[in-house]
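So the structure is just underneath, and the comments pick up after that.
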Amino acid sequence: MTKRQENIAVLESEGLGYLVQALIDKGYEVLGPRIKDGAVTYDQIETVRDLPIGWTDRQEPGSYRLVKSGKKTYFDYAVGPHSWKKYLHPPETRLWEARRDEQGFTVIEPERETAKKALLGVRPCELQALAIQDTVFTGGPYLAPGYQERRSNLFIVAVNCVRPGGTCFCASMKTGPKATSGFDLALTEILESGRHYFVVEVGSASGEELLSDLPTKVADDAEKEAAAKAMERATAKMGRELDTKGIRELLYKCFDDPHWQTVADRCFSCGNCTMVCPTCFCVNVEDGTDLSGQQAERWSRWDSCFTRDFSYIHGGSIRFTVKARYRQWMTHKLAYWLDQFGTLGCVGCGRCITWCPAGIDITEEVRALRDKEQSEKVQSV
Amino acid sequence: MVGKRKPKLAVWKFASCDGCQLCLLDCEDELLAVAGEIEIANFPEASHRVVKGPYDISFVEGSITTPHDAERIHKVRRASKFLVTIGACATAGGIQALRNFADVSEYTSIVYPSPEYIKTLNKSTPIADHVPVDFELRGCPINKYQLVEVLSAFLNGRKPNIPAYSVCMECKMRGIVCVMVARGIPCLGPVTQAGCGALCPSYDRGCYGCFGPKETPNTSALGEAWKRLNVEDRDIVRAFRGVNAYAEPFRKASEAYEK
Ligand code: SF4
Ligand code: SF4
Ligand code: SF4
């Protein structure tokens, strides 16, 4: 075992198995990419053989296909339909329950999750999504129940994107394709001239500690150069682009634009975009009882601004039209979010584009609004 | 809740297959609790004992297809404080509403040796077309957990948690990979109300629309998306013409693609 002089190391591809095992030995449940039902999803990983070895994907608006690459790569795919929020902000959580008794009723707090989880293969855009959800759930005076516990028990192995997907636009959003912070370890997978290895960056003390148990060596200049080149190529290969210049002002100006209706004509208001989005956080809080009325429960369940009842207030829904719902969604992501949390609410992962069964593309819709705005400006001069 | 009279429940059948009523019997684990909280006053599928009305809550299964039933549903309504229709037949007219797109006398003349004995209406219609309904529980068949939820909500004086959003919402919450996006399989999920737990997509099939139209369903956009998957117009017509064929958004969609 070499003592590293600096925090860039090299792990040969065979060493990835040691990384997984080291995490398991430290008591982590390892979660990572696995092929399921024709897509790369996130699930429990027991050995490196569970990873999508030799698979890549073809993504377009409304379409996703897995493709065999014939290579030995572990991480040659772009993000799939799942995001890590399913572990940190689960689709449903029981907030509390209450039972009737002689005194009235007793409230029973749910058991807090204390299991240690290691996330393997977190993409740079997903690190930013985690940071955004941290702000949402813990940045204000009220903490989302359980989130902090789940979050603080994480070990994060990021993987830089050497091959962005067809709907990725992280370069535009300045969230990728290279991870800069928010990880314990960050890997860049290199398969060049028959050699397969990972360039490893350390992002925390626990990352440092884990790495010291692995058969690594200090990265030499050629290896560092290979990783840097791979990142340059990835930046140049982005599937899509979103111009964020003055985006907030643009959307506020376009509030009444007839273009929203043309999107609404295509949109199903099915909610898929918000379900797959790694930053969307909205929930519905539901109260339930058992038949006898002896027990009551309060559940938090994912909800979406695309549902009619999401905006139900006394007397009815305030966003009855799909036009109002799509506008709310996009304007929240790219304008209100800045006012509310200080960052954009979109990280450029492209999931909402790929997994929209109608194939609606947020980057195209922003472009359409911008073009209209531009041409109106020209006309009024 | 000692000394409180148990609410009386009645279950009524109109034109239907009994599947939805059976969902109530299928609530094995919950049934004891149900029996503990309510008096099952009229439920021929479960017991011959009939207790006279009025009833606190009535579950109505089936659609109206005969002049006799069109009368009978008014009696049921008069005898019921709270009336819940259950299933696609009661809420949309059911599969038997396919007659609404055809000529009934032609059918009866083919099927029956003496069609003059058949007294049937030209259309199969949902209960809400005849009497006011307090709550509609969708599905073909209904989901038993939703049924228990409606009952618990009724007994405890609260609103039932029955979402009107799309099947896609539950599909994604279950982490199912979208069959439409990942396999190009046409799916009715985006315009269909949740309730089944995205059963078909979880078995690699497209949604058949058993729970009827969701709130604000964009059926024409879905038809266009299906066409991009090379589905032909007549197959779009067939898809919308299932058990919820006569639910208005599905009816309009099938008629639009029939032209
Ligand atoms: S944008 Fe696409 S995924 Fe989102 S609600 Fe509309 S149709 Fe569904
Ligand atoms: S809005 Fe779309 S591209 Fe942006 S983070 Fe959400 S899913 Fe990804
Ligand atoms: S499989 Fe069907 S129900 Fe599920 S997300 Fe896709 S379109 Fe919606």
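All chains are named by letter (A, B, ...) in the order of the sequence lines, taking the proteins before the strands, and each is independently numbered beginning at 1.
- With a threshold of 4.5 angstrom between heavy atoms, B:Val191 does not approach chain A through any atom at all.
- Among A:Leu66, A:Asp287, A:Thr41, the residue with the largest count of heavy-atom pairs under 4.5 Å with chain B is A:Asp287.
- Heavy atoms of B:Lys159 lying under 4.5 Å from chain A are absent altogether.
- Between chain B and the residues A:Val322, A:Asp309, A:Asp265, the largest count of heavy-atom pairs under 4.5 Å involves A:Asp265.
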Could you walk me through whether A:Glu297 and A:Arg94 pass salt bridge (charged side-chain N to carboxylate O under 4.0 Å, His left out), step by step?
CA-CA 7 Å; A:Glu297 296 186 349; A:Arg94 182 164 52 204; 3.2 Å; yes
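- Heavy atoms closer than 4.5 Å to chain A are found in the side chain of B:Ala225, but not in its backbone.
- Annotation: cation-pi pair A:Arg123/A:Tyr77 present, NZ/CZ under 6.0 Å from the ring centroid and within 45° of its normal.
- Looking at B:Val179, there are no atoms closer than 4.5 Å to chain A (heavy atoms on both sides), in backbone or side chain.
- Between the side chain of B:Asn156 and the backbone N or O of A:Asp290 there is at least one donor-acceptor pair closer than 3.5 Å.
- The main-chain N or O of B:Asn161 is found under 3.5 Å from a side-chain atom of B:Glu149 such that the two form a donor-acceptor pair.
- Shortest non-hydrogen contact noted between B:Lys144 and B:Cys27 is CB-SG, 3.7 Å.
- Here A:Trp355 is the residue among A:Trp302, A:Trp355, A:Phe320 with the most heavy-atom pairs under 4.5 Å with chain B.
- Under a 3.5 Å cut-off, the side chain of A:Arg65 and the backbone N or O of B:Val181 do form a donor-acceptor pair.
- With chain B as the partner, the residue from A:Thr307, A:Asp303, A:Leu291 showing the most heavy-atom pairs under 4.5 Å is A:Leu291.
- Between the side chain of A:Thr56 and the main chain of A:Asp76, a donor-acceptor pair closer than 3.5 Å is present.
- The shortest distance between side-chain heavy atoms of B:Val11 and B:Glu61 does not fall below 4.5 Å.
- Proximity to chain A (any heavy atom under 4.5 Å) is restricted, for B:Arg158, to the side chain, taken from C-beta onward.
- For chain A, the nearby part of B:Leu155 is the side chain; its heavy atoms alone come within less than 4.5 Å.
- Taking chain B as the reference chain and counting heavy-atom pairs below 4.5 Å, the highest number among A:Gly359, A:Pro81, A:Pro91, A:Ala296 is found for A:Pro91.
- Residues meeting the side-chain hydrogen bond (donor to acceptor under 3.5 Å, both in side chains) test with A:Thr363, sequence neighbours left out: A:Asp361.
- Within the model, atoms CD of A:Gln44 and CD of A:Glu29 stand 4.5 Å from one another, a figure rounded to the nearest 0.5 Å.
- Residues of residues 251-259 of chain B placed with any heavy atom under 4.5 Å of a heavy atom in chain A are absent; none qualify.
- Within the 6.0 Å centre-distance limit, the rings of B:Trp12 and B:Tyr55 are counted as a close aromatic pair.
- In terms of heavy-atom pairs under 4.5 Å with chain B, the best-connected choice from A:Gly288, A:Ala264, A:Ser304, A:Ser317 is A:Gly288.
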